[in-house]
Amino acid sequence: MNENLNDTQNITPEKTPVNFIKEIINNDLLTAKYGGRVHTRFPPEPNGYLHIGHAKSICLNYGIAKDYNGKFNLRFDDTNPSKEDQEYVDSIIEDVKWLGADFEDRLFFGSDYFDQMFNWAILLIEKGKAYVDDLSAEEIRQHRGTLTEPGKNSPYRDRPVADNLDLFHRMKNGEFKNGEKVLRAKIDMASPNINLRDPIMYRIIHDSHHRTGDNWCIYPTYDWAHGLEDSIENITHSICTLEFENHRPLYDWFLDELGIYHPQQIEFARLNLNYTIMSKRKLLQLVEEKHVSAWDDPRMPTISGLRRRGYTPSSIRNFAERIGVAKRDNVIDVALLEHSIREELNKTAKRVMAVLNPLKVIITNYPENGVEEVHAVNNPEDLSMGARPLPFSREILIEQDDFMENPPPKYFRLTPGGEVRLRYAYIIKCEEVIKDQDGNILELHCTYDPDTKSGTGTKNKKVKGTIHWVSLPYSIRAEVRLYDRLFTNEAPDSDKGKSFLDFLNPDSLRILRDCRLESSLASAQVNERYQFERLGYFCLDNKDSSPNKLVFNRTVSLKDTFKLPPK
RNA sequence: UGCCGGAUCGUCUAAUGGUAGGACAGCGGCCUUUGGAGCCGUAUGUAGAGGUUCAAAUCCUCUUCCGGCAGCCA
């Protein structure tokens, strides 16, 4: 029996896996919990640049809105002026747009709701559910108890409503210094959930806010503000990371006490990538201590870094799709990220010739000033991208790595007396190795076989290897920056005894200043990606490149299965 | 030893009582004028022990391990 019957009739449609969040939404849709609406949001605090972990959240939230024909908001959770900055607001908007998460006209700021929040706080005070506390930060900490012991009530907990109202207004009016008073929710100092032990709603911060200026000196805390923001914006599913799971009872408590519209908070596991760090604080440290050039250094896992490195929005979206969404802690192999960009660029990037570490080759039997055009395909994966002529000449440059005087077995490239094909051109044979007094190789003298021109039909001659090259007189110069992982350790920030800085890879950036490219690259554009044949994918650096000094970044190398045997 | 979560190939992630599958990584092979790409093959993976059931990754019980929480950060 043939078990591989080509039974096209019974092909079951591929079930697209539904993650647990979509299951919840599907169920809410079934029960019409939110009247069939789906409305998500991405709520960054503008205190740093977005990174690939945020991209996961953006793609999740935007993707859900899109899949369900719903809406997606970008909302800044800007409740702490001491850490926030307009620079971060600007970069975040740029990055979210670049990723393709379309928030249309729904760009919001938590700070725009400060008045409403203030009024709601008064409502809670009037209900006897909030009070002004005079305890210091230290005293509050001591009263909070521990993980295993209940806390103690503040002596100010039972202040009369009128006093609370008066004090709270005076807090707002700037009568007190930072830390002198706070507004607290009156819940339960003995709760096993520490977040419910009379959490702080407002603290006094005499700082200028990047949007509200000096209008306020009291600012809402995350726990108080977040659910209100979601409620005001009519969010249906408020998706956040796992560390807020313990805060959900508080999220619910505020909304229920206020009796206002109540979105549902759902928590998922944040993205972790091996060989990288994701903490905003530590990324900031890398920038401030100049271990990298800036937030958009191509070695950074920031969106702006990945963009500068040459990643495309779609490759990041595909990555986010592939890694899935669940509640278990996870560490994604950075190789999967690299796979996502290779996969796309293989299909879309124009192939070009570039020699990073040039070695001069003189083809001695080629005419002195002869030039001819060879025919190079722009993308063998997509012939519609056409072809281009490439000048071939007597003097060419090849990669230093593509010649070895004493080659190991299985080395398919040029060797003394050996033959190799020049991509799109001829088979050449190495006749002589020219060296200086110290034995350094200066140039190679080769001969070519005129009968082996590429595309002229098969010849008897077969060679194992094909190498890339550029014509010496017809090539242009460029700087090329090669990147490697920033850290040498899989989990740089989880070593108890060492700092993540101890694992910084000293070779994460290699700058090659005398590379030679085919001349068509003179008109390269920032948004174009190229495959330098046999080397990897490259793009123009969006900051440092200029027409008279081209700078290319290597996005990712090609997978290379050849390994030099260990010496 | 408080509370809340979690545990499926190396890494992610499916299977929602009915054949444990996919992707990435790895390994082997084919093919190749990019040692790229592509194609084919390749897994002693359900934390452990009991139980329910014709049937358990899935339901129940117990155990083990991992993560989060004691900011006037988010």
Does [X] make a side-chain donor-acceptor contact with the base of [N], cut-off 3.5 Å?
| X | N | answer |
| --- | --- | --- |
| A:Arg351 | B:rU34 | yes |
| A:Arg413 | B:rG35 | yes |
| A:Glu245 | B:rG67 | no |
| A:Arg421 | B:rU34 | no |
| A:Ser454 | B:rU33 | yes |
| A:Arg534 | B:rU34 | no |

Indicate, with a heavy-atom threshold strictly under 4.0 Å, whether [X] touches base, sugar-phosphate, or nothing.
| X | result |
| --- | --- |
| A:Thr79 | sugar-phosphate |
| A:Glu533 | base |
| A:Ile200 | base |
| A:Tyr424 | base |
| A:Lys464 | nothing |
| A:His247 | base |
| A:Pro150 | nothing |
| A:Thr146 | base |
| A:Asn346 | base |
| A:Thr221 | sugar-phosphate |
| A:Glu45 | sugar-phosphate |
| A:Ala326 | sugar-phosphate |
| A:Ile140 | base |

Would you say [X] reaches [N]'s phosphate, i.e. side-chain N/O to OP1/OP2 under 4.0 Å?
| X | N | result |
| --- | --- | --- |
| A:Lys327 | B:rA7 | no |
| A:Thr466 | B:rU32 | no |
| A:Arg328 | B:rC65 | no |

Inset, instruction - Please tell me if the side chains of A:Ser475 and A:Leu397 come closer than 4.5 Å, counting only heavy atoms from C-beta onward. - result: yes

Check [Y] with [X], please: is the shortest side-chain N to carboxylate O separation under 4.0 Å?
| X | Y | result |
| --- | --- | --- |
| A:Glu229 | A:Arg41 | no |
| A:Glu45 | A:Lys83 | no |
| A:Asp133 | A:Arg159 | no |
| A:Glu518 | A:Arg388 | yes |
| A:Glu84 | A:Arg211 | no |
| A:Arg529 | A:Glu344 | no |

Rounded distance (Å) that lies between atom [atom2] of [N] and atom [atom1] of [X]:
| X | N | atom1 | atom2 | result |
| --- | --- | --- | --- | --- |
| A:Leu250 | B:rC4 | CG | P | 16 Å |
| A:Asn19 | B:rC12 | CG | C1' | 14 Å |
| A:Asp329 | B:rC69 | CG | P | 11 Å |
| A:Leu242 | B:rG5 | CG | C1' | 6 Å |
| A:Gln142 | B:rG71 | CD | P | 11 Å |

Inset, instruction - Sticking with atom P, work out how far B:rA57 lies from B:rG17, rounded to a whole angstrom. - result: 13 Å

Inset, instruction - For A:Tyr222 and for A:Val325, find the nucleotide of RNA chain B with the closest heavy atom, then tell me which residue's nucleotide is more 5'. - result: A:Val325

Inset, instruction - On RNA chain B, check which nucleotide each of A:Arg144 and A:Asp77 is closest to and give me the residue with the more 5' one. - result: A:Arg144

Inset, instruction - Report the residues that fulfil side-chain hydrogen bond (donor to acceptor under 3.5 Å, both in side chains) with A:Asp78, sequence neighbours left out, ordered by chain and then residue number. - result: A:Ser111

Inset, instruction - Please lay out, stage by stage, how A:Tyr222 and A:His226 fare under the test ring pair (Phe, Tyr, Trp, His ring centres under 6.0 Å). - result: CA-CA 6 Å; A:Tyr222 169 87; A:His226 204 86; 4.7 Å; yes

Legend entry - A:Ser154 side chain vs A:Tyr156 backbone, donor-acceptor pair below 3.5 Å: yes

Inset, instruction - Could you say whether the aromatic ring of A:Phe412 and the base of B:rG35 stack, counting only centre distances under 5.5 Å and plane angles under 30°? - result: yes

Legend entry - Consecutive Watson-Crick or G-U pairs in runs of at least 3, all under 3.5 Å, in which RNA chain B is involved: B:2-7 with B:64-69, B:10-13 with B:21-24, B:26-30 with B:38-42, B:47-51 with B:59-63

